[in-house]
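Below: the structure, in structure tokens.
Nothing fancy with the numbering, it's 1 onward along the sequence. Because only heavy atoms are used, hydrogens play no part in the values below, and waters and symmetry mates are left out as well, while side chains stay in.
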Amino acid sequence: MRGARFLSARMVASVLVLAAISACAPVARHADDPSADLPQRAQSLYVKGSGGDRLAVDLYLPRHAANERVPTLVVSSRYGRRGEVKMHFANEWTQRGYALVVFDSVGSGVSSGMREAELSDTEIADVGAISRWAASQRWSNGAVVLMGLSYSADAADLGATLGEPAIRAAIVRSAESDPYRHLFFPGGVANAMMRDLWGAAVAGKDRSVACIADAAACAGMIHIGPVDGDESYAEARTALRDHLANARLDIDLLGVTYADDPLPGRNFSIAGMGTVARADAVRNARVPAQVWGSWLDAGTAQSALERFALSKGVPVEVRITAASHGAYAGADPFKPQPQPPVPSVQRQFDLLADFADRALASAATRTIRYAILGTDVWRQTLVWPPVGIEPRRFYLGENDLRDKAGASEITVSYKVDFNATTGAANRWTANTGVIPDYAGWPDRNASLVRFTSAPFTQDFELAGAPRIALTLSSTHEDGAVFAYLAVQRPDGRLVYLTEGMLRVLHRRVREEGGALERSFRRADVQPVVPGEMARIVFDAFPVAARIAAGDRLVLLLAGADRDTFARYPTTGDPIWSVDVGGADASFIDIPLRPWSSGAAGETQGL
């Protein structure tokens with residue numbers, strides 16, 4: 001992917017997101033991908049959805065005796081079920097004795113109806129309707145496991161909150177349990193890349209005007225999968241005409257700043273589209289879930305950890321990798337590319353299937369397993385952060401990180417460089433199928449403020465979310481602060497670890513039990529006053545990494561990420577003054593514990 005940096009980041013991301021959505025799978029595929037071979041479809045038909053819409057369903061059945069009843073996997077597809085099925089180990093599941101049902105969600109593929117929003121109540125209720133249908137079929141034993149990757153994982157996770165008796169488990173891979181904070185507005189900063197490219201791409205697929213105009217054009221579109229008996233595409237084209245009225249997320253989000261901003265003309269917000277907003281329903285439904293994320297894939301690791309925390313006693317098994325979106329390729333920034341994924345793709349299926357079997361036998365557990373960057377070690381914990389992790393405070397000096405704050409008040413001045421960027425292969429473009437690769441970061445042509453610690457004298461494990469607390473003033477009332485944490489190796493190489501960001505008008509916060517509580521709601525807006533010092537406190541995304549003796553920690557601050565996030569303010573050239581001394585000195589807390597091979601039973605393979 002390194003060659004991509006010589007192109008416009010937006011051009012590269014645009015091509016990749018369109019390719020990913022067209023193929024309905026991550027761009028990076030591997031020879032050991034067990035989803036390459038698909039079983040024969042047993043049936044393709046329309047099934048009535050929760051609101052009366054006709055939902056296009058494909059059914060794949062295992063080879064079983066006529067009187068045998070089997071459990072069913074249900075997948076709700078946003079991008080077209082014929083491509084979606086390639087992401088879900090269809091051959092392996094049917095060989096294991098599971099039926100597989102993949103359906104086009106309302107207003108997409110060749111299902112009828114209009115989409116009023118993404119992950120709407122109707123769309124999720126349809127997951128329940130299809131699950132009831134599947135459970136009632138003669139080949140079914142009545143048990144349903146919801147399954148998904150990326151968008152379909154969001155639908156599966158939300159479907160698990162319905163309280164539908166047939167739904168016995170959920171497999172959730174690379175999802176966002178709060179779409180506002182984990183993907184589209186992390187830190188309240190608009191992810192303009194994802195908004196614009198994803199929104200425009202799915203809008204085009206939904207409408208497929210070439211197919212509406214000429215049936216001959218439909219055959220070349222993988223997301224247009226006619227049901228049995230519709231070889232002329234008549235029913236498919238009728239459904240596509242419904243889609244012309246679909247809402248467009250790329251347009252809707254232009255009017256959103258705060259988490260509680262309703263989408264235009266509707267009475268709900270994007271923050272309500274995830275399981276975080278339905279925590280009570282998660283606990284009441286008590287559906288066991290296996291939840292996958294990655295330290296390098298947007299906010300999916302934080303999403304998985306929050307999903308674990310909010311479930312409070314419900315069996316949830318979390319696995320956090322150092323891999324791409326969907327875990328088709330490795331993405332550990334300590335290691336050169338290309339990397340195989342860990343676990344391997346085949347091993348991933350084994351883990352998915354083992355969970356499904358155990359969940360249906362009421363034997364799922366509560367546990368978190370996570371990869372440690374820079375190693376081949378995986379650890380297991382029952383709590384997050386893990387036992388023994390303590391925050392170690394590093395104060396910002398003029399260009400260093402130190403154990404004690406400077407006695408005198410000193411400020412560091414920084415003129416925001418709006419050319420700063422994390423490039424075309426970052427954790428955010430990972431959501432479009434790009435393999436994250438920070439080998440060329442940071443761009444030497446962009447200006448960032450840099451603070452470097454002394455070398456560590458022993459090995460440590462970093463596990464958790466670093467906390468950044470800045471005292472700064474700006475010449476403008478609006479702006480965004482981007483904080484990047486990296487390791488400088490003894491040879492001088494800089495290795496990306498994680499990042500956090502905050503649009504400063506969202507700076508109002510309270511601390512509750514060591515956690516930051518920030519609403520991102522309109523009522524809590526608190527712009528900075530130009531020229532006055534303000535306290536800006538926020539957490540970076542969680543990460544786990546080994547900090548070796550001789551390594552240095554590096555904190556880099558910027559006011560922009562040009563190719564991914566919106567510009568704040570939209571005009572002007574802000575100048576910051578960051579306080580690096582005195583009573584209100586800026587600092588970063590790093591969650592650390594001394595490195596060990598792990599207590600008995602803690603250090604795990606996979």
Side-chain angles (χ1 to χ4, degrees), residues 186-187 189 294-299 301-302 305 320 322 331-334 370-375 385 389-397 399-403 412 414 420-423 426-428 430 436-443 446 448-456 459-470 472 480-489 492-502 516 536-548 550-561 564-565 578 580 586-593 595:
V189 182
S294 168
W295 303 128
L296 283 304
D297 178 19
Q302 180 173 336
L305 293 169
I320 303 179
D332 187 333
F334 284 84
Y370 63 98
I372 300 179
L373 301 183
T375 75
I389 292 289
E390 297 290 343
R392 177 175 170 182
R393 182 159 296 178
F394 292 84
Y395 289 93
L396 276 61
N399 57 13
D400 64 321
L401 296 173
R402 55 183 69 173
D403 292 332
V412 171
Y414 172 63
T421 178
T422 50
N426 61 32
R427 67 188 300 144
W428 306 104
D437 185 358
Y438 287 88
W441 172 86
D443 187 342
L448 288 79
V449 192
R450 182 167 175 161
F451 305 90
T452 305
S453 76
F456 278 64
D459 293 358
F460 280 87
E461 177 185 344
L462 188 166
R467 177 163 298 169
I468 299 94
L470 304 175
L472 64 76
V481 178
F482 295 82
Y484 304 97
L485 184 65
V487 165
Q488 182 178 307
R489 307 311 308 272
R493 181 169 63 99
L494 202 65
V495 179
Y496 171 95
L497 293 181
T498 188
E499 67 189 65
M501 63 283 293
L502 184 71
L516 296 182
I536 310 294
V537 184
F538 58 98
D539 287 343
F541 285 96
V543 68
R546 182 177 184 173
I547 312 300
D551 287 345
R552 301 171 184 261
L553 285 178
V554 179
L555 173 67
L556 299 102
L557 300 179
D561 187 350
T564 303
F565 292 98
V578 181
V580 296
S586 303
F587 63 83
I588 180 170
D589 283 342
I590 306 294
L592 296 171
R593 65 180 174 184
W595 180 263

Can you check whether [Y]'s main-chain N or O pairs, donor with acceptor, with [X]'s side chain at less than 3.5 Å?
X: D400; Y: R402; result: no
X: T452; Y: V554; result: no
X: T498; Y: F541; result: yes
X: R392; Y: I590; result: no

Minimal non-hydrogen separation, [X] against [Y], with atom names:
X: A540; Y: A465; value: O-CB, 3.3 Å
X: A486; Y: W441; value: CB-CZ3, 4.1 Å
X: F334; Y: A545; value: CE1-CB, 4.4 Å
X: A544; Y: A371; value: CB-O, 3.6 Å
X: A463; Y: E461; value: CB-OE2, 3.7 Å
X: I588; Y: L555; value: CD1-CD1, 4.0 Å

Enter the distance from [X]:[atom1] to [Y]:[atom2] here, rounded to the nearest 0.5 Å.
X: I468; Y: E499; atom1: CD1; atom2: CD; value: 10.5 Å
X: S586; Y: L557; atom1: OG; atom2: CG; value: 8.5 Å
X: I547; Y: R552; atom1: CD1; atom2: CZ; value: 13.5 Å
X: Y484; Y: L448; atom1: OH; atom2: CG; value: 7.0 Å
X: L462; Y: I372; atom1: CG; atom2: CD1; value: 10.0 Å

Would you please name every residue forming a ring-ring contact (aromatic ring centres under 6.0 Å, His included) with [X], sequence neighbours left out?
X: F538; result: none
X: W295; result: W384
X: F456; result: F460
X: F451; result: none

Salt bridge (charged side-chain N to carboxylate O under 4.0 Å, His left out) partners for [X], two or more places apart:
X: D443; answer: none
X: R493; answer: none
X: R393; answer: D589

*Tell me the side-chain hydrogen bond (donor to acceptor under 3.5 Å, both in side chains) pairs involving residues 537-547, sequence neighbours left out?*
D459-R546, R467-D539
*Indicate whether any N or O donor in one side chain lies under 3.5 Å from an N or O acceptor in the other, for R427 and Y496.*
yes
_Residues that N426 engages under side chain to side chain donor-acceptor pair (under 3.5 Å), provided they are two or more places apart_ = T422, T429, T564
*asked:* L470 vs V481, test: side-chain contact (heavy atoms from CB on, under 4.5 Å). Steps then yes/no.
replied: CA-CA 10 Å; L470 304 175; V481 178; 3.7 Å; yes
_So L494 and P442, do their side chains get closer than 4.5 Å, heavy atoms only?_
yes
Once side chain to side chain contact (heavy atoms under 4.5 Å, CB included) is applied, do any residues pair with [X], and if so which ones, sequence neighbours excluded?
X: A480; result: V189, F482, Y568
X: P333; result: L296, L373, V495
X: P385; result: I389

